[in-house]
Amino acid sequence: MDNEHKKAKRFVIALFLACLFIALTCFGFFIYIFLTIRGTELVNNRIVTLSKAIFMIGIFFLVLAFGYLVPILLSSRKRDVNRNAANTSDILDETNMLKALEKYIPDGETLLAGIHAVSKETNITGVFGKCIPTESKLIPSENGCTVALNKKKYSTYSIYIGITQYSLVIAECEMNRYLYQFDDKPSVKESDIQEVTSDTFFVDIGTCFPLADIQNCDIKNGWMGSVKCFITMNNGSYFKLMLPKLGGLGGGMPHHTEYREAIIARLSKGHA
């Protein structure tokens with residue numbers, strides 16, 4: 001639906017520019033004819049009629065551009081603003097955050113703190129055995145291969161980050177695209193291979209890590225009271241995160257401050 005909306009919007013913009021170009025061209029011809037016949041004693045009626053027709057065509061396309069197409073563009077812009085506001089409201093909602101994080105919490109653990117954060121860079125590595133990779137997931141198979149999966153994203157996007165008694169949990173706020181790279185002949189220890197026992201979607205890989213596997217966590221103060229975190233895991237996975245000072249307007253995340261402090265305190269301990 002979004003792609004169709006973007007295509008329609010681009011078409012309307014192109015149509016507006018075309019109408020504007022035609023209108024200006026018509027006015028240009030009209031001015032040229034007017035300057036040419038000005039001061040001439042005998043004026044051909046056909047030229048006068050043609051100049052009037054060209055002028056009226058210019059008026060028609062000008063009215064079409066500003067009277068019809070511009071209101072469509074303004075209405076589309078208003079819908080985009082309302083849609084973005086609604087999406088932001090959904091993201092900065094503690095109830096939605098809890099639902100997103102709870103999907104990845106290991107059995108027997110409970111969420112101690114969770115906040116909305118911003119990912120600046122994600123690079124997740126995993127090695128999986130006895131599986132068959134498809135376009136979107138790993139399928140378990142006794143006759144399957146061992147494959148190393150690297151999941152990357154370098155653009156800025158919103159995430160939820162939380163901690164349990166023993167785990168670091170990360171969930172998406174909205175659908176995102178990642179770069180996936182595979183190696184079907186990885187050079188790793190047997191102990192580093194995770195056996196695939198059920199269908200595992202790529203989007204669900206890299207959502208939960210043992211806190212004990214944190215190799216290093218570099219924490220620095222950022223802009224406007226934010227905190228920058230560069231988390232490196234023992235298996236080479238890493239995250240560059242920004243933890244904002246506030247949880248947004250409207251009171252959708254009332255525990256943001258205390259949860260953020262709890263997360264920072266736990267990450268500061270590293271693998272301790």
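Since this is a predicted model, take the numbers as computed values, not measurements.
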Centres of the Phe29 and Phe55 rings: under 6.0 Å?
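No, the ring of Phe29 stays outside the 6.0 Å limit from the ring of Phe55, centre to centre.
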How close do [X] and [Y] get, heavy atom to heavy atom, and via which atoms?
X      : Y      : answer
Gly162 : Ile263 : CA-CD1, 4.3 Å
Glu142 : Lys130 : OE1-NZ, 3.6 Å
Asn176 : Ser158 : ND2-O, 4.4 Å
Glu109 : Ser167 : OE1-OG, 3.0 Å
Leu241 : Ile161 : CD1-CD1, 3.6 Å
Ile219 : Ser268 : CD1-OG, 3.3 Å

[X] side chain to [Y] main-chain N or O, any donor-acceptor pair under 3.5 Å?
X      : Y      : result
Gln194 : Gly126 : no
His256 : Pro244 : yes
Asn150 : Ile124 : yes

Starting at OG1 of Thr122, measure out to NZ of Lys151 and round the result to the nearest 0.5 Å.
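Thr122 OG1 to Lys151 NZ: 8.5 Å, rounded to 0.5 Å.
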Using side chain to side chain contact (heavy atoms under 4.5 Å, CB included) as the criterion, list what pairs up with Lys120, not counting sequence neighbours.
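Expected list: Val118, Thr156, Lys240, Met242.
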Could you pull out all donor-acceptor pairs under 3.5 Å where a side-chain atom in residues 200-209 meets a protein atom, sequence neighbours excluded?
residue: Thr200; atom: OG1; partner: Ser198; partner atom: O; Å: 3.0
residue: Asp204; atom: OD1; partner: Tyr104; partner atom: OH; Å: 2.9
residue: Thr207; atom: OG1; partner: Asp204; partner atom: O; Å: 2.9

Under a 3.5 Å cutoff, is there a donor and acceptor pairing between the side chains of Tyr238 and Glu121?
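There is such a pair (donor and acceptor under 3.5 Å, judged by atom type) between the side chains of Tyr238 and Glu121.
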Give a yes or no on whether Lys152 atom NZ has more than 12 heavy-atom contacts from other residues, nucleotides or ligands under 6.0 Å away.
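Counting other residues, nucleotides and ligands, NZ of Lys152 exceeds 12 neighbours.
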